[in-house]
Q: 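Starting off with a structure, shown below.
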Amino acid sequence: MDKFKILSGNACFLVQNTSGTMSREDFEDYLKKEGFEEFRKYGWCDRGSFYINVNSLRYSAGVYKAAPLTGTIVGESIKNPFTIDEFKTIWNILKKHMGNLNSTNEIRKGYSTFLVADEILEEYHNEFIDYLKEENFKELSNDSYGGRGFVAVNVKSMLYSKGFVANALVSSFVGENSSCSLTIEEFKIVWNILKKHKQDKSAEKIVKKQPNIVDVKESEISKRLTECGKFKDYNNIDEYIGDVKFCLIHSCRYPEETAISFIKDEIDLIKREYASEYPAYDLAMDYYPICG
């Protein structure tokens, strides 16, 4: 088992912008008061959700398709985002342990990993490890016992480490040492919310809906956009340009004629980015004149 799977995922949440207790505008004001800064304003795109990184303290309102591209805390789907109230419950716990993090100009940052500390974790067999196993978490293999009183838990890969890997590799939401970690009870509160949103078989059961033709098409678009998030093994620059055009049309909603015009105007830039192996999706988003 790859030990770095304990560091999979990131610190982002896909949050629906509706609430029984708070409007979208009020929630955005709340984020700013809590120290979050807007990553980018998307004035022309769908503003149906917020994309929030609790590690870099950045948020972006409106680009729901960004979630499968840059990743989310548990891979929550567009059909199953967090509510504002759920996010606030989680954030009220996390912010107590954040330390002195500064906002950075990054929307993708962090891991889906929590550090949990308690005296009982100094014992090799303890109730929290039993709880993790009951919740279908697996112990990271080839991980020597640390005995430091803390456990690293990745809520996306569903792995935990109570040994060397937790001690030496983990950079979590709450810092890199056990003095900034969550309590067992705090983790359970957070996990009871997170697990309702995991994009796996249990999430599919929550949705309880067979995909129709529109769902399939949307899935195919999302799959290609995800693939464009990394530089591919292109045969030539024409294939790269095709991906840039696809991202402009399907992620930022360019009309096809506008996308073609943009490519013609910025062909020298595109050639440089192709030579530097810059992902087509990142290029489209970085130089999108309306949403950027």
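In what follows, every heavy atom counts, from backbone to side chain, and hydrogens, waters and symmetry copies are set aside.
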Q: Measure the spacing between CZ of Phe114 and CG of Leu182 and express it to the nearest 0.5 Å.
A: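 Spacing of CZ (Phe114) from CG (Leu182) equals 6.5 Å.
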Q: Contact between Phe137 and Asn154 at the side-chain level, heavy atoms closer than 4.5 Å - yes or no?
A: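 SC-SC contact between Phe137 and Asn154 ruled out.
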Q: Rounded at 0.5 Å granularity, tell me how far CD in Glu273 sits from CD1 in Ile241.
A: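 Answer rounded to 0.5 Å: 12.5 Å.
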Q: Residues in side chain to side chain contact (heavy atoms under 4.5 Å, CB included) with Glu34, at least two apart?
A: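 Partners of Glu34 by the side chain to side chain contact (heavy atoms under 4.5 Å, CB included) criterion, ordered by chain and then number, come out as Tyr30, Phe36, Trp91, Lys95.
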Q: With the 4.5 Å side-chain cut-off for hydrophobic clustering, are Ile184 and Val153 part of the same group?
A: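 Linked, Ile184 and Val153 end up in one cluster.
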Q: If we only count heavy atoms from C-beta on, is the Phe187 to Val151 side-chain gap below 4.5 Å?
A: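 They are not in contact (no side-chain heavy atoms under 4.5 Å apart), so the answer is no.
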Q: Under 4.5 Å between any side-chain heavy atoms of Ile84 and Val15, yes or no?
A: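 The answer is yes; the side chains approach within 4.5 Å.
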Q: What distance do Ile52 atom CD1 and Leu31 atom CG have between them, rounded to the nearest 0.5 Å?
A: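 Those atoms lie 4.5 Å apart.
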Q: How far does CD of Glu185 sit from CG of Asp118, to the nearest 0.5 angstrom?
A: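 That separation rounds to 9.0 Å.
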Q: Please identify each residue that fulfils side chain to side chain contact (heavy atoms under 4.5 Å, CB included) with Thr89, with sequence neighbours left out.
A: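 Thr89 satisfies side chain to side chain contact (heavy atoms under 4.5 Å, CB included) with Ile189, Ile193 only.
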Q: Can you give me every donor-acceptor pair (side chain of residues 127-135, partner residue at least two apart or in another chain, under 3.5 Å) with its distance?
A:
residue, atom, partner, partner atom, Å
Glu135, OE1, Trp191, NE1, 2.9
Glu135, OE1, Lys195, NZ, 3.1

Q: Using the test salt bridge (charged side-chain N to carboxylate O under 4.0 Å, His left out), find all partners of Glu256 that sit at least two apart in sequence or belong to another chain.
A: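 Glu256 satisfies salt bridge (charged side-chain N to carboxylate O under 4.0 Å, His left out) with Lys245 once adjacent residues are dropped.
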Q: The test is side chain to side chain contact (heavy atoms under 4.5 Å, CB included); show your working for Ile221 and Phe246 and say whether it passes.
A: CA-CA 9 Å; Ile221 291 173; Phe246 183 87; 4.1 Å; yes
Q: Can you name the closest pair of heavy atoms from Ala284 and Cys247 and give their distance?
A: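 Looking at all heavy atoms of both residues, the shortest contact is CB-CB, 3.7 Å.
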Q: Please round to the nearest 0.5 Å and tell me the distance separating atom OH of Tyr281 and atom CG of Leu248.
A: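 Separation between the atoms: 10.5 Å.
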Q: Please find the pair of heavy atoms, one from Glu86 and one from Pro81, that lie closest to each other, and give the distance.
A: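 So the two residues come closest at OE1-O, 4.4 Å.
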Q: May I ask you to check whether over 12 heavy atoms, not counting those of Glu25, lie within 6.0 Å of atom CD?
A: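 Yes, because the 6.0 Å sphere around CD of Glu25 holds more than 12 heavy atoms from other groups.
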Q: Rounded at 0.5 Å granularity, tell me how far NZ in Lys188 sits from CD1 in Ile93.
A: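 Rounded to the nearest 0.5 Å, the NZ-CD1 separation comes to 13.0 Å.
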Q: Does the Ser112 side chain pair with the main chain of Ile73, one donor and one acceptor, at a distance under 3.5 Å?
A: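 Flag set: sc Ser112 to bb Ile73 pair under 3.5 Å.
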Q: Can you list the residues that meet the salt bridge (charged side-chain N to carboxylate O under 4.0 Å, His left out) rule with Asp243, with sequence neighbours excluded?
A: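 With sequence neighbours excluded, Asp243 shows a salt bridge (charged side-chain N to carboxylate O under 4.0 Å, His left out) to Arg224, Lys232, given in chain and number order.
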Q: I'd like to check Asn10 versus Asn55 (side-chain heavy atoms, cut-off strictly below 4.5 Å). Are they in contact?
A: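 Contact flag for Asn10/Asn55 side chains = no.
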Q: Using ring-ring contact (aromatic ring centres under 6.0 Å, His included) as the criterion, point out the one residue from Phe13, Phe50, Tyr51, Tyr59 that pairs with Phe87.
A: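 Only one of Phe13, Phe50, Tyr51, Tyr59 forms a ring-ring contact (aromatic ring centres under 6.0 Å, His included) with Phe87, namely Phe13.
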Q: If only atom types and distance count, is the side chain of Lys198 paired as donor or acceptor with the main-chain N or O of Lys156 below 3.5 Å?
A: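 Side chain of Lys198 to backbone of Lys156: a pair is present.
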Q: Which label fits Phe231 and Tyr240: parallel for a plane angle under 30°, tilted from 30 to 60°, or perpendicular past 60°?
A: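 Phe231 vs Tyr240 ring planes: tilted.
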Q: If hydrophobic clusters are built by linking Ile, Leu, Val, Met, Phe, Trp and Tyr wherever their side-chain heavy atoms come under 4.5 Å apart, do Tyr274 and Tyr278 end up in the same one?
A: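 Yes, Tyr274 connects to Tyr278 through the hydrophobic network.
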Q: Can you name the residues that form a side chain to side chain contact (heavy atoms under 4.5 Å, CB included) with Asn236, not counting sequence neighbours?
A: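 Side chain to side chain contact (heavy atoms under 4.5 Å, CB included) list for Asn236, sorted by chain: Asp238, Glu239.
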Q: Determine, using the 4.5 Å side-chain heavy-atom cutoff (strictly less than), whether Ile260 and Ile270 are members of one ILVMFWY cluster.
A: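 No; tracing contacts between hydrophobic side chains, which count when under 4.5 Å, never links both residues.
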